[in-house]
Amino acid sequence: MTSIATGKHAIVIGAGIIGVCTANALLDKGFTVDVFDPAEPGSPDQCSYGNAGGICPGSCLPNAMPGLMKNVPQWLLDPEGPLYIRLSYLPHALPWLMRFVLAGRKSRVEKISQAMINLHRLSFEAYEPMMAEAGCPDLLQKRGQLFVFERENGPDGSAYGMGLRRSHGVKVETLNAGEIQDLEPALTDRFKSAIYLPDQGQSPNPGRLVAELAKLATRKGARFHRDPVKGFTYTLGDATGITTASGDYTADRIVLAAGAWSADLARQLGDRIPFETERGYHVMLPQAETGLKVQTISADRKFVASPMEGGLRLAGTVEFAGLNAPPNYKRADILVKQAQGMFKRFEKSEVHRWMGHRPGTPDSIPVIDTSKRHKRVIYAFGHGHQGLIGGAVTGRIVADMASGLPAPIDMSPFRLDRFGLRNL
């Protein structure tokens, strides 16, 4: 067994956005850090790579909202809809889906929304100094976020969500067709109304952001191992290290931030957490040349158009099919079809498709907590669609937990025991 634990030493399992942010925060607290992940940080093998790019301090609406169920049947029956479940996988996904629906009750949504805004409102504050230190401040752009509708009264259907945002201090503006054109002239006149959130941000290259933050951690002394973690080693019944193909390692703190692969490792530690991989697709169109400046969400068709360093990224759709099923790139092609007529200029001769695994909890907020049985182990996973938003803040919180310091926010909503039957 290799010992990397002779003081304040930490192992981080996972080198996606949560893992690299956590590694940097632990280093800043005086820890020596080793990071384990078979994927290269920032590579297409990671979920973080395929993110739509939003870094939004005002993100506070969970995926399950009141009234969601009335839309689910039509989405499932529509081959181009935003939700798809492979029939063979339905029995496995059903318990999670039932919890997901229950999380959409109004009383739960308001508590979840408060937890989300508490975590996300610190996003810029946490990211900006780290990006400056890494030499990549250009990877945070503050141009706002635009939700467009094809009906003049489109925002009326989002009144509850707008009210939630405003109750949390998020600036919300409604726009008519002319105001949409003034803000984002790249769009066609298909869109008759919009919701604009002016204080939100975007990263134009999430993969490069992860890579740059990994390089920063390396310069500060972190060691990255391209080695999958198979399980844990124990001393007197307590998890004190990890086991990999190259050997066993021990540490004072172990942070589990392995995204969609986290739940299986947590299960080895005796913690069963309702968890699903929400398979997400994107397409990159390097020659689209739309001129889009603001990240734009089609509220009717449920996908995101993001201007990126490498062209236009169209992202969205949720597929439930597990970790091992091959990609269904027809789900990606749907995004290109949905975007037809969205832009005044739209060249789609070159299309690059991608699929990744979002780590999803049924209530849309991550697990950030200590293992029930193994007090050296800290969980930091399950951010779902919000990983890029919450990455830097989560890293700070985990480093505080590892150092025995109080968290800057109420952590009770992020506890792993919140999934008990009494909380449904």
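Hydrogens, waters and symmetry mates play no part in the numbers below; they use all other heavy atoms, side chains included. Model, not experiment: these values are computed from the prediction.
Between the side chains of Q268 and D264, not a single donor N or O lies within less than 3.5 Å of an accepting N or O. With no hydrogens or angles considered, no side-chain donor-acceptor pair links T240 and D238 at under 3.5 Å. Side chains of Y379 and D271: a donor on one and an acceptor on the other come within 3.5 Å.
Summarising the geometry, atom CD1 belonging to I242 is positioned 10.5 Å from atom CG belonging to L256; distances are rounded to the nearest 0.5 Å. For the atom pair I195 CD1 and S158 OG, the distance stands at 4.5 Å (nearest 0.5 Å).
Ring to ring, F224 and F36 are not that close: their centroids are 6.0 angstrom or more apart. Ring centers of W96 and F320: under 6.0 Å apart, within the cut-off.
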What's the verdict on side chain to side chain contact (heavy atoms under 4.5 Å, CB included) for S298 and F149, showing C-alpha distance, side-chain angles and the deciding distance?
-> CA-CA 7 Å; S298 171; F149 300 84; over 6 Å; no
Between T243 and F232, is a side chain to side chain contact (heavy atoms under 4.5 Å, CB included) present by the stated rule, with each step listed?
-> CA-CA 5 Å; T243 180; F232 300 89; over 6 Å; no
With salt bridge (charged side-chain N to carboxylate O under 4.0 Å, His left out) as the test, would you mind laying out the steps for K142 and E128 before giving the verdict?
-> CA-CA 12 Å; K142 299 178 182 179; E128 287 178 322; 2.6 Å; yes
Full working for side chain to side chain contact (heavy atoms under 4.5 Å, CB included) between M355 and Y329 | CA-CA 8 Å; M355 188 276 289; Y329 283 120; 4.2 Å; yes
Could you check K330 against D333 for salt bridge (charged side-chain N to carboxylate O under 4.0 Å, His left out), going step by step and ending with a plain yes or no?
-> CA-CA 5 Å; K330 290 180 181 178; D333 294 336; over 6 Å; no
For R105 and V109, run side chain to side chain contact (heavy atoms under 4.5 Å, CB included): C-alpha distance rounded to whole Å, both residues' side-chain angles, the deciding distance at 0.1 Å, then the answer.
-> CA-CA 6 Å; R105 293 172 296 170; V109 163; over 6 Å; no
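Tested against Y249, the residues I254, T244, T233 include a single side-chain contact (heavy atoms from CB on, under 4.5 Å) partner, T244.
Within 6.0 Å of atom NZ in K171, 12 or fewer heavy atoms from other residues, nucleotides or ligands are found, so the atom counts as exposed in its surroundings. Atom CD of E152 is surrounded by 12 or fewer heavy atoms from other residues, nucleotides or ligands within 6.0 Å. Shown here is R373, whose CZ atom has no more than 12 heavy atoms of other residues, nucleotides or ligands within 6.0 Å. The local environment of NZ in K375 is crowded, with over 12 non-hydrogen atoms from other residues, nucleotides or ligands closer than 6.0 Å.
We find that R418 and D363 are joined by a salt bridge, their nearest charged nitrogen and carboxylate oxygen being less than 4.0 Å apart. Under the 4.0 Å criterion applied to side-chain N and carboxylate O atoms, R99 and E276 are not assigned as salt-bridge partners.
Legend: residues meeting side chain to side chain donor-acceptor pair (under 3.5 Å) with E278, ordered by chain and number and at least two apart, are H385. K302 is linked by a side chain to side chain donor-acceptor pair (under 3.5 Å) to nothing, counting only residues two or more places apart in sequence or in another chain. When the side chain to side chain contact (heavy atoms under 4.5 Å, CB included) test is applied to A325, the partners found at least two apart in sequence or on another chain are R86, R279, A321. Considering only residues two or more places apart in sequence or on other chains, T394 meets the side chain to side chain contact (heavy atoms under 4.5 Å, CB included) condition with I18, L119, I368, A380, H383, V398. Residues passing the side chain to side chain donor-acceptor pair (under 3.5 Å) test with D156, sequence neighbours excluded: none. For N176, the side chain to side chain contact (heavy atoms under 4.5 Å, CB included) test picks out E179, with sequence neighbours left out. Legend: residues meeting side chain to side chain contact (heavy atoms under 4.5 Å, CB included) with A52, ordered by chain and number and at least two apart, are Q295, V304, S306, A315.
Panel note: side chain W354, backbone P44; a donor-acceptor pair is recorded below 3.5 Å.
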Please list every donor-acceptor pair under 3.5 Å in which a side-chain atom of residues 285-293 meets a protein atom from a residue at least two apart or in another chain.
{"from": "Q287", "atom 1": "OE1", "to": "S349", "atom 2": "OG", "distance (Å)": "2.9"}
{"from": "Q287", "atom 1": "NE2", "to": "E350", "atom 2": "OE1", "distance (Å)": "3.1"}
{"from": "T290", "atom 1": "OG1", "to": "L292", "atom 2": "N", "distance (Å)": "3.1"}

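Within the structure, the side-chain hydrogen bond (donor to acceptor under 3.5 Å, both in side chains) test picks out the following pairs touching residues 42-61 (sequence neighbours left out): S59-Q386. Residue pairs meeting the side-chain hydrogen bond (donor to acceptor under 3.5 Å, both in side chains) criterion with at least one member in residues 186-212, sequence neighbours excluded: D138-R208, N205-E309, R208-E309. Residue pairs that meet the salt bridge (Lys or Arg N to Asp or Glu O under 4.0 Å) test with at least one member in residues 387-399, sequence neighbours left out, are E125-R396. Pairs passing the side-chain hydrogen bond (donor to acceptor under 3.5 Å, both in side chains) check and including a residue from residues 159-169, sequence neighbours excluded, read E110-Y160, S113-H168.
Within the 4.5 Å cutoff, side-chain heavy atoms of L213 are placed close to those of C21.
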